[in-house]
Protein chains: 2
Amino acid sequence: MRYVFLTNGGGAHEDAKVASLSKRLGLSIDEDVIRDRVILSHTPMRGWADEVKKQTVLITGSHPETARKIANEYGFERAVTPADLIHANGDLYPFDNLKDTLHSEFRPLPDGKSASAIKDPYSKSLAGNALKIDQILVWNDPRDWSLDIQVIHDLLVSHNGYLGTLSSRNGNRGLPNNGWQQDGQPELWISNLDLVWKTEYPVNRFGTGAFLEALKGVWSAVTNGAELHYNALGKPSQFTYDYAHTRLLQYYSTMEGGGEVGGRKDATPLRRVYMIGDNPESDIRGANEYCPEDGTEWVSILVRTGVWTETETEREPRYKPRAIVDDVVDGIVWALRNEGVDVDRKTLLAGGG
Amino acid sequence: MRYVFLTNGGGAHEDAKVASLSKRLGLSIDEDVIRDRVILSHTPMRGWADEVKKQTVLITGSHPETARKIANEYGFERAVTPADLIHANGDLYPFDNLKDTLHSEFRPLPDGKSASAIKDPYSKSLAGNALKIDQILVWNDPRDWSLDIQVIHDLLVSHNGYLGTLSSRNGNRGLPNNGWQQDGQPELWISNLDLVWKTEYPVNRFGTGAFLEALKGVWSAVTNGAELHYNALGKPSQFTYDYAHTRLLQYYSTMEGGGEVGGRKDATPLRRVYMIGDNPESDIRGANEYCPEDGTEWVSILVRTGVWTETETEREPRYKPRAIVDDVVDGIVWALRNEGVDVDRKTLLAGGG
């Protein structure tokens, strides 16, 4: 039985997540149960093309400096944080910029670029040292929504990603999306769309998805209702399911002699994949909507131990799983039985399944 | 000629604003030019009823602790900040809570209330010490959008304003607004709706209105598209124009012997009021839409020195002023001429108008 752990968590390195998860589960760190099986929300960015990794990217998250270090390890050479920008231009953010506390860590802008080279936002002649951002990477749970939304907005309304400029196409009704995001602005990537997650607090807490909704709200007001174009990773994104699917195929090929590592052609195909998750909006939705090229079926199973709670007004979640079970053990039992294996919870827990 | 300064600025005490404005204009602080004429975004709350001021309110803004002190001076006895809440319950906000920096200042909750009395959000029996919030006051430019939106959301989905509860009416399609904000939740007040304001930076910066749009975006996602019910002060709110109108009437009555201070009945009526402003969405819109009970006409004049810039795609602002002039001096000239006074810019500036 092959499996991966697909989490929308992020903001730490994969190895750090494996270590903390191993510790929580009482496993030794090099045990095969987890090692190399953890896929974080931003892990698929590891596989991005080298020419993209050479571009200048804005990166933010719960701890932008930590995110940058991981991105550097992924191969992103020119990663800029919002903190870099406020240190480079004191006028950029007009409120308490928290330069001495939250945003005390920063680096000079790459390649000697400047964040204050633009004086006239509509000028056609741009200084050679004007900072240009090519991609915006929003990793898990941005902490400083106010600053991050300001900076992301600035790039999305810019000409060609030059910070401090304004595209003359903005609001032009003759263009698609009324001219918004039609002028070479950076692509916006969000590491996951989870609106809420379950913590010790009695009411679910907001996650990265809430940040996106806040950004969308501001964007809608700025643009008078234009769409916000963005790409999402993490569950339920098809990018993430595809990455997981490939990893599962690779396990077959590596471990059972099916061919080259990562070589899809040679990999032994999967018969069925069971996605057990607690979040209807991410885990279940993503599995239901995912149709891999090789035709493998993904079956969704929802557990009651997580985000979703049955209430008077919500008897069933919006995205319906194939089965709802009490916990992950029951999920595995359900899956095995569905495959014709005669097993029950007790024998499975005793290791006799 | 009677006048007031109507600003959507806030977060400081009125006297502090007068002092800083006097200094900037090179005036002595007790000069009649400004003293008692400055109306901030939150100034109308001074006039709220005593029974409201006795309620428990959540207050936030650019510096929640400063806002609380001003609110205390206005007469609000039980003002709670988001910082109070995270100090009272460490589970409330699951990310860096910045307790030692941004949110280091806090007070114990009023009347010995607790922010962790609720364990089951749907429980019908509430502990006597559970914290209940009656009003939410968002003053200018909240700094910590992530925390503030979490806390405001929590109160807006609560039963009767009890922090940590969830209303069983939420999402009930048989109720108005699908059951959202239909269960005694606190009223939400925003001190102004300015989406952007002009600073030294080449692109306008976000203001309090952007915070509201972010909140609306999150609210829409949480509620699956329900409306967010709120009240706004500041321009273009009619509350604010009404407050300014009353103040202008009071000047007449105080200064020209028209009757009791603040006594509308006895006040000499105004003939016409000219609203000179730089922001079409607030200054101009508010003046255009304001119809005082006494029938006085408010005439809007837009200056080019502020937020609004004529661009290729926006020749005229969405909210159209009666006149567009270069600056505030030209605005006064336009108004005086409209009243039949033969004056030009030069004589006005020379003090000969």
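All of these numbers come straight from a predicted model, not from anything done at the bench. Here is how names work: the chains are called A, B, and so on, in the same order as the sequence lines, proteins then strands, and each is numbered from 1.
For the set Gly209(B), Pro121(B), Ala210(B), the count of heavy-atom pairs under 4.5 angstrom toward chain A peaks at Pro121(B). Taking Asp154(B), Thr165(B), Val157(B) one by one and counting their heavy-atom pairs under 4.5 Å with chain A, the maximum is reached by Asp154(B). The candidate from Lys119(A), Arg169(A), Arg173(A), Gln150(A) with the greatest count of non-hydrogen atom pairs under 4.5 Å with chain B is Gln150(A). Annotation: maximal heavy-atom pairing with chain A below 4.5 Å, among Tyr122(B), Trp145(B), Trp219(B), Phe211(B), occurs at Trp145(B). Contact count against chain A (heavy-atom pairs under 4.5 Å) is highest for Leu98(B) among Asn172(B), Thr199(B), Leu98(B). In terms of non-hydrogen atom pairs under 4.5 Å with chain B, the most contact-rich of Leu195(A), Thr311(A), Leu147(A), Val218(A) is Val218(A). Contact count versus chain A (heavy atoms, under 4.5 Å) is highest, among Arg143(B), Lys216(B), Arg318(B), for Arg143(B).
At a 4.5 Å heavy-atom cutoff, the contact between Asn170(A) and chain B is made by backbone atoms alone. Interface remark: Leu92(B) contributes backbone and side-chain atoms alike to the contact with chain A (heavy atom separation under 4.5 Å). Within the 4.5 angstrom heavy-atom criterion, only backbone atoms of Asn204(B) (N, CA, C, O) approach chain A. For Asp96(B), the parts lying under 4.5 angstrom from a heavy atom of chain A are both the backbone and the side chain. Both the backbone and the side chain of Ile149(B) have a heavy atom closer than 4.5 Å to some heavy atom of chain A. Heavy-atom distances place no part of Val196(B) under 4.5 Å from chain A, backbone and side chain included. For Leu212(A), no part sits under 4.5 Å from any heavy atom of chain B, backbone or side chain.
For Glu200(A), the CD atom is loosely surrounded, since the number of other residues' heavy atoms within 6.0 Å does not exceed 12.
Counting only N and O atoms by type, the side chains of His103(A) and Asp144(A) include a donor and acceptor under 3.5 Å apart. Ser62(A) and Asn140(A) form no side-chain donor-acceptor contact under 3.5 Å, judged by distance and modelled atom types alone.
Salt bridge absent: Glu281(B) and Lys235(B) never bring a charged side-chain N and a carboxylate O closer than 4.0 Å. Ion pairing between a basic and an acidic side chain is recognised when a charged N comes within 4.0 Å of a carboxylate O; Arg68(B) and Asp84(B) show such pairing.
Side-chain contact between Leu188(A) and Leu228(A) is present, with heavy atoms from C-beta onward closer than 4.5 Å. Contact check for Tyr93(B) versus Leu85(B): no side-chain heavy atoms found under the 4.5 Å cut-off.
Looking only at distances, a side-chain donor or acceptor of Asn89(B) sits under 3.5 Å from a matching main-chain atom of Asp91(B). No donor-acceptor distance shorter than 3.5 angstrom exists from the side chain of Asn178(B) to the backbone of Trp180(B), with no hydrogens or angles considered.
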